Chemist: 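Could you have a look at this structure, given as C-alpha cells, before my questions?
All values reported here derive from a predicted model rather than from experimental measurement. Quick note: numbers below take in every heavy atom, side chains included, and nothing from hydrogens, waters or symmetry partners. Lettering of chains follows the sequences in order, A, B, ..., and the numbering in each one begins at 1.
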Amino acid sequence: MSYTPTEMMVVAAARNLAGVRNCFVGIGIPNLACSLAKRSVAPDLELIYESGVVGADPARLPLSIGDPSLVVGARSVTSMFDLFSLYLQRGLIDVAFLGAAQVDRNGSINTTVLGPYEKPDVRLPGSGGAVEIALNADQVFIIVNQSRRTFVEKLDFVTSPGHIGPTTGRGNGPALVVTQLGTFRFVNGEMTLKSLHPGVSREQVFDATGWEMSVDTAVEENEAPTSDELDVLRNLDPNRVYLK
Amino acid sequence: MSYTPTEMMVVAAARNLAGVRNCFVGIGIPNLACSLAKRSVAPDLELIYESGVVGADPARLPLSIGDPSLVVGARSVTSMFDLFSLYLQRGLIDVAFLGAAQVDRNGSINTTVLGPYEKPDVRLPGSGGAVEIALNADQVFIIVNQSRRTFVEKLDFVTSPGHIGPTTGRGNGPALVVTQLGTFRFVNGEMTLKSLHPGVSREQVFDATGWEMSVDTAVEENEAPTSDELDVLRNLDPNRVYLK
Amino acid sequence: MREAIDSLVPDGSVVSIEGFTHLICFAAGHELIRQRKKDLTLCRLTPDVIADQLAAAGVISGLVFSWLGNPGVGSLHAVRRRIEGSDPRPLHLEEYSHFGMVARYTAGASGLPFFPLRSYAGSDLPAVNPKIVTIQDPYGGQPVYAVPPLNPDVSIVHVQRASAGGDAQIWGIPGCQKESAFAAGRVIVVCEEIVSDEVIRSDPNRTLIPGTIVDAVVEAPGGCHPSYAQGFYDRDNPFYLEWDAISRDTGRLDEWLEEWVYSLDDHAAYREKLGSERWSALSPGDAPSGQVNYGDYS
Amino acid sequence: MREAIDSLVPDGSVVSIEGFTHLICFAAGHELIRQRKKDLTLCRLTPDVIADQLAAAGVISGLVFSWLGNPGVGSLHAVRRRIEGSDPRPLHLEEYSHFGMVARYTAGASGLPFFPLRSYAGSDLPAVNPKIVTIQDPYGGQPVYAVPPLNPDVSIVHVQRASAGGDAQIWGIPGCQKESAFAAGRVIVVCEEIVSDEVIRSDPNRTLIPGTIVDAVVEAPGGCHPSYAQGFYDRDNPFYLEWDAISRDTGRLDEWLEEWVYSLDDHAAYREKLGSERWSALSPGDAPSGQVNYGDYS
C-alpha cells in the first residue's frame, strides 16, 4: 500500500507509544498518532488535553484542542488550573507531544517569533502550554517537518527548553523527534539520528539539518506503515484534514 | 416575653449584621444570629460556610458546619481550596464569626490549649479556619461567654490574632464582641464596652474581665429581644439545642 | 448587553474575555466593537479570531496572553500586521505561557501577591517579560518561577446558564472562567439562557461563579459563535477557515466588520442574519448527563 | 477492603483520610483497627470521632491536622488523654489551620515545593510548628507565609460513586478529597456504589478523581456512618452524642471497639448490626439535580 510522508510520521510516532499510559495530546498529527497507538500498541493509553479533558474517546476527528467531541464520554473534564497543576506539574504525564517552528540540537523549541522578538519578521503563536509541558512531562516527543529552516543551529527564540542542564521542571526533556525523514533520540542531550523511514538516505537527513547531525551506532530502517495501520488512520481522518 | 442570656446574645449579634452582605457563619449561635438577621435586618445576607457552601438556605437547624441540609438548595458548593482562596483570602467576606476559649483586650483569641502547648492542661480544638478568618475577613465578630476564665490578661496561646499591628492578612480584625453581658467594640485596637444587655451593670462586666476594661463615652443599653425576634429564633431551634 | 458594556467597560479598561476554545464570548466582543471602545487591554490565554476582530477594529491596544492564532487554521493576520508592522498601530504584548496565565488569574482570584510554578527555566520568555521572576524555595530546594496576580478591571464570562441574580453554571471545558471572574473588579456574565433560581439551586456543585461577584447578567443565545457552547451548538469550523481569507485582506476585513457588526443593532440581529439553516447544522443531538440525588433533608 | 488496607497501608504509613464533615471513611478506619495497624500518622483537617477510635485502638502515633474535636458535641477524650497525659502513649501533633492543611495538600498535589497563603501572622502556630515559614514577595510587597507540600503515602477517599476503574464522582461538599488523592503516593477509593463507565462518562465534570491515580476501589455502602454521604444517608447525630460518654470511659471504649469493630468481620457486618430501622431513619428523601445536555457531536 502506498502512503504519504505524513502517514509515515504518524505511524512512527504511534509505534513509539508502545506501553505508554498517560499522554498529553496536541491536535492534528499527535492526536492521530495517539488514536492509532490506542488502537494498536497502547490500548491503555489515556488521551489528556491541555483544555482539561482526561481520558477522551472522541467520536469524530477533533478539529481543536477543546473540541466538544473530546468532552462527551470523557473520563473527567477539569479546569485548566487542575490540568496543569494536578496532572502535568504533579508528574502524571508520561509522554507529551510538541510541535516546533524551529528546533535545535538539544531539542529546544521555538514557537514564538522568527526574527527579533520586539520586531519580528513572523509572529508565531507563542508558548501556549509548551514551556511547562517541555519541563514537566516525563518524556517529550517532538513532531516537526525537517528542513534547514526548522532544524537550525541557533533558535531565534527559545520558547521551550530541551536538554540544557538542570531546570525547575520535573521531566526528562525531549526523548524523541519524529520527522518526515526519520526519528531521532537524544544522547547526552544531543539529537542523534536513530532510524530512517523507508527510502530515505542519511544524506537527505544531513541536507535537511542546520548543524552536523550525530548518528547512532546502529541506524535502523523503519518498517513502512502496515495496511492495518493505514486503515485505522484513514478512518480517523477520512477527509485527510491532517493526513495531507 | 422572658428570654435567656443566650437568646439576648444571638439577638444582639443579629442586629449588628444590619446591611451586611457576605457572612462567614459558624455552627450554633452564629448560625442562629445569621438566620435571624436574614429574616430581619439583613435580608440580602449570604450565608457562607467554611465547608464550601455559599448562599445556604437550610431547611432545618444545621448540626454541623457541613450539614447536608446546608448543601441542598444552596447557591454554590465548592472545594475548601476555592472557599478559602476565592472567597476568604480574596476579601469577599464582610463579616465572620469566631468563638473563643480565651480572648484578650486586643481581640486575640485562643482556641488551642489551656496551659503549655507541649503538655497542655486542656487540649482545645485548635485553629480550624480561625486564624485565616481573623486575618482576612473584613470584620470579625467574636461571640463568647464572658468570665475571668475567658476574658484574660494574657492568652495561654495566640491562635488567631486581633489588633496587633500590621499583618499578612487583608482584613480589619475584630470589630465586635458579643457576650451574655453586653457588646464591645475596638477603639485604637482596645476592646471597649459599647452596650449592656438589659439589667446588666458595668460592675458585672468589670468582674467578668481579667483586665481593666475600657468604657465607651456613651454606653448604651440594648433593647431586650422583641417577641418577633424570639419567635423567629425559637422556630429556628425548636428543641433548644443552642438556645439553652 | 449594550448597557452592560457601555456602563462597565470604559475606554482604557483591562478586560478579560476567557473561554478555552469553548464559551468564547464573541457577542460581547462585537458589542465592544460596535460601541467603538478604545485602548482596551485584552487578557486572554488564546487571542484568536475574537482578538483579530478587536485588533482590526482598533478596540485593543494591548494583549496579555499565552498563545495567539487561528486555532487549527493558522495566523491572525490583523494581529500580525499590528505586531510585525505596527500597521496601522502597534499592539503591546505581555506574553506568558498557558499555565503562567492561569496562575496569574489564580493569584488574582485568591488575593495572593504571586503564584509559584515549575515553568520557564531555560526559556527566553522571562527575558522578554520581566514580570516572570524566580522565587526561592523557603525549604531550601531549587528556586521556581513566579508570576504576579492578574486583576482585570472587568471580566466577561460566557456560560451556559445563569440565574437573573448571576449564579452561573458551566459544563464541558471550564477553562479558567471561574478564576478570571473572581480575579476581576467587575464581572459581566453572558449566558445561553437565564434560568430560575430553582434550576441553579437544584445542582449547586455546577455553580462556578456566584451572583455575589456579578455586576450584570446578559442573555445572548448563540453568543459564542463561531466558537461553541457544549450541548447548545458546535464550533462553526467553516467560519474559522473563511476568516483566514477575510483577515488577510484589510478591505474584506473592514467590509466584514461593517456587515456583521457595525450595521447590526445587536447580537440577536447577528444570530438572525446567520440564518436558521446554519444554526441547525451546528445543533448537536442529545447526550444527557443523568441525575444525582442531593437528598431531601428537611 | 481487607485486601486494599492490608496491601496498601503498611505499619508506619502516613495516611490521609479526609472528608470535611461529609464522606468520612469510617469503614476504612475500622478496617485499620481490625487489622491492628501500628504507628500510622493520620493526616486529616478535622480528626474527629474516627481519630478518637484510631487513637484509642493504638493505630495512630501522630496527627497532622487543623481542628480536633467531636463536632457539635465537644472533646475527643481518647485523643485528649494521649495528648494531655500520654495515656497510654503520647500522640505526636503537627498542627496547622484549615487553609494551611488545604494548601499543603494542594502543594503536594501540584508538585510545588511550597504554597503561599495570607495567614498565620501574629499567631503562635508558626512558633510551635517550624514548617510554617514566611516567604518574601518577589514583587516587593509584604511577606506572606508558606507551608510545605503534604504527600501522604496513601490517601483513603470516600466518594458517592466510582467505576470499577476508579473514576470517582462526588457531589455535595467536596472538602479536599481531590487534593488529598492527587497528593498521595497511593489512593484507595471507597464508594457507596460502583457504577458503570457509562454513568461516569455521561457526566465527566463530576469526576474529581480519575482512575489513573487509583490503586484500589472498594464498594462499602454506608461506609461513612456516623458521618454522611449526600443523597445516600444523613449524619447520625445521636451517635456523636453517645460517643462523648463512650470515649470518656476507657472501659466502655474498649467494649465498643470489641463489639463494633474487632468482633465483626467487615463493614457489611457493622452495617447489618446497626439495623434497618436506624438506616431508614437516616435516609433522606429525593432532591434530584436535574440533567444537563453535553450534546451528541458524533
Side-chain angles (χ1 to χ4, degrees), chain C residues 107 110-118 131 133-149 160-161 169-174 195 198-206 228-235 283-298, chain D residues 107 110-118 131 133-149 160-161 169-174 195 198-206 228-235 283-298:
Chain C
S110 303
L112 283 174
F114 63 88
F115 204 90
L117 70 171
R118 290 186 185 274
K131 291 189 180 172
V133 301
T134 54
I135 183 169
Q136 295 304 311
D137 172 7
Y139 302 105
Q142 297 261 30
V144 294
Y145 277 79
V147 291
Q160 277 112 328
R161 67 187 187 193
Q169 300 193 328
I170 287 174
W171 53 100
I173 293 170
V195 297
E198 202 186 338
V199 167
I200 297 292
R201 288 177 182 266
S202 66
D203 198 356
N205 285 121
R206 279 208 211 280
Y228 77 101
Q230 190 85 37
F232 285 79
Y233 45 93
D234 201 350
R235 176 174 135 118
S283 290
D286 281 350
S289 65
Q291 302 208 57
V292 300
N293 181 22
Y294 278 89
D296 179 355
Y297 291 88
S298 62
Chain D
S110 304
L112 283 175
F114 62 88
F115 204 90
L117 69 173
R118 290 186 185 274
K131 290 188 181 173
V133 299
T134 54
I135 183 169
Q136 296 304 312
D137 172 6
Y139 303 104
Q142 296 262 29
V144 294
Y145 277 80
V147 291
Q160 277 112 328
R161 68 187 186 192
Q169 299 193 329
I170 287 174
W171 53 101
I173 292 170
V195 297
E198 201 185 338
V199 168
I200 297 292
R201 289 177 182 266
S202 66
D203 198 356
N205 285 121
R206 278 209 211 279
Y228 77 101
Q230 189 85 38
F232 286 79
Y233 44 94
D234 201 351
R235 176 174 135 118
S283 291
D286 283 349
S289 64
Q291 303 208 56
V292 301
N293 181 23
Y294 279 88
D296 180 353
Y297 291 88
S298 63

Chemist: Is chain D contacted by the side chain of Arg161(C), its backbone, both, or neither, given a heavy-atom distance below 4.5 Å?
Modeler: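 For Arg161(C), the contact with chain D is made by the side chain alone.
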
Chemist: Under a 4.5 Å heavy-atom cutoff, which of Tyr297(D), Phe115(D), Tyr233(D), Phe114(D) has the most pairs with chain C?
Modeler: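 Most pairs with chain C among the choices: Tyr297(D).
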
Chemist: Taking Ser289(D), Gly141(D), Gly231(D) one by one, which has the highest count of heavy-atom pairs under 4.5 Å against chain C?
Modeler: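 Answer, by heavy-atom pair count under 4.5 Å with chain C: Ser289(D).
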
Chemist: Which atom pair, heavy atoms only, marks the closest approach of Leu112(D) to Pro116(C)?
Modeler: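 Where Leu112(D) meets Pro116(C) most closely, the heavy atoms are CD2-O, 3.5 Å.
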
Chemist: Pick from Gln136(C), Gln160(C), Arg206(C): which one has the most heavy-atom pairs with chain D under 4.5 Å?
Modeler: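 Max contact count across the listed options: Arg206(C).
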
Chemist: So which of Asp137(C), Asp296(C), Asp203(C) has the largest heavy-atom pair count under 4.5 angstrom toward chain D?
Modeler: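 Going by pairs under 4.5 Å, I would pick Asp296(C).
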
Chemist: The test is side chain to side chain contact (heavy atoms under 4.5 Å, CB included); show your working for Val292(D) and Asn205(D) and say whether it passes.
Modeler: CA-CA 11 Å; Val292(D) 301; Asn205(D) 285 121; over 6 Å; no

Chemist: In terms of heavy-atom proximity below 4.5 Å to chain D, should Pro204(C) be classed as side chain, backbone, both, or neither?
Modeler: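 Neither the backbone nor the side chain of Pro204(C) comes within 4.5 Å of chain D.
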
Chemist: Of all the heavy-atom pairs spanning Asn293(C) and Gly285(D), show the shortest one and how long it is.
Modeler: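 In this case the closest contact between Asn293(C) and Gly285(D) is ND2-O, 3.7 Å.
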
Chemist: Report which part of Gln169(C) has an atom under 4.5 Å of a heavy atom belonging to chain D: side chain, backbone, both, or neither.
Modeler: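 Neither the backbone nor the side chain of Gln169(C) comes within 4.5 Å of chain D.
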
Chemist: For Ala107(C) and Pro149(C), work out which heavy atoms get closest and say how close.
Modeler: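 That closest heavy-atom pairing would be CB-CA, 3.7 Å.
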
Chemist: Please flag which part of Tyr294(C) lies under 4.5 Å from any non-hydrogen atom of chain D: side chain, backbone, both or neither.
Modeler: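 Tyr294(C) touches chain D through backbone and side-chain heavy atoms alike.
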
Chemist: What's the shortest heavy-atom distance between Gln291(D) and Gly290(C), and which atoms?
Modeler: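 For Gln291(D) and Gly290(C), the tightest heavy-atom pair comes out as OE1-N, 2.6 Å.
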
Chemist: Over all heavy atoms of both residues, which pair between Gly295(C) and Pro284(D) is shortest? Give the atoms and the distance, please.
Modeler: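 In this case the closest contact between Gly295(C) and Pro284(D) is CA-CB, 3.9 Å.
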
Chemist: Does any backbone or side-chain atom of Asp234(C) lie under 4.5 Å from a heavy atom of chain D? Answer side chain, backbone, both or neither.
Modeler: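 Contact with chain D: backbone and side chain both.
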
Chemist: Tell me, side chain or backbone of Phe232(C) under 4.5 Å from chain D's heavy atoms, or both, or neither?
Modeler: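 Looking at Phe232(C), just its backbone touches chain D.
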
Chemist: Less than 4.5 Å to any heavy atom of chain D: does that hold for the side chain of Ser298(C), its backbone, both, or neither?
Modeler: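 Nothing of Ser298(C), per the 4.5 Å heavy-atom cut-off to chain D.
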
Chemist: Please tell me if the side chains of Leu117(C) and Val144(C) come closer than 4.5 Å, counting only heavy atoms from C-beta onward.
Modeler: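 Result no, sub-4.5 Å side-chain heavy-atom pair not found.
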
Chemist: If we define contacts as heavy-atom pairs under 4.5 Å, which of Pro148(C), Ala146(C), Gly111(C), Ser110(C) has the most with chain D?
Modeler: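 Of the candidates given, the most pairs with chain D belong to Pro148(C).
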
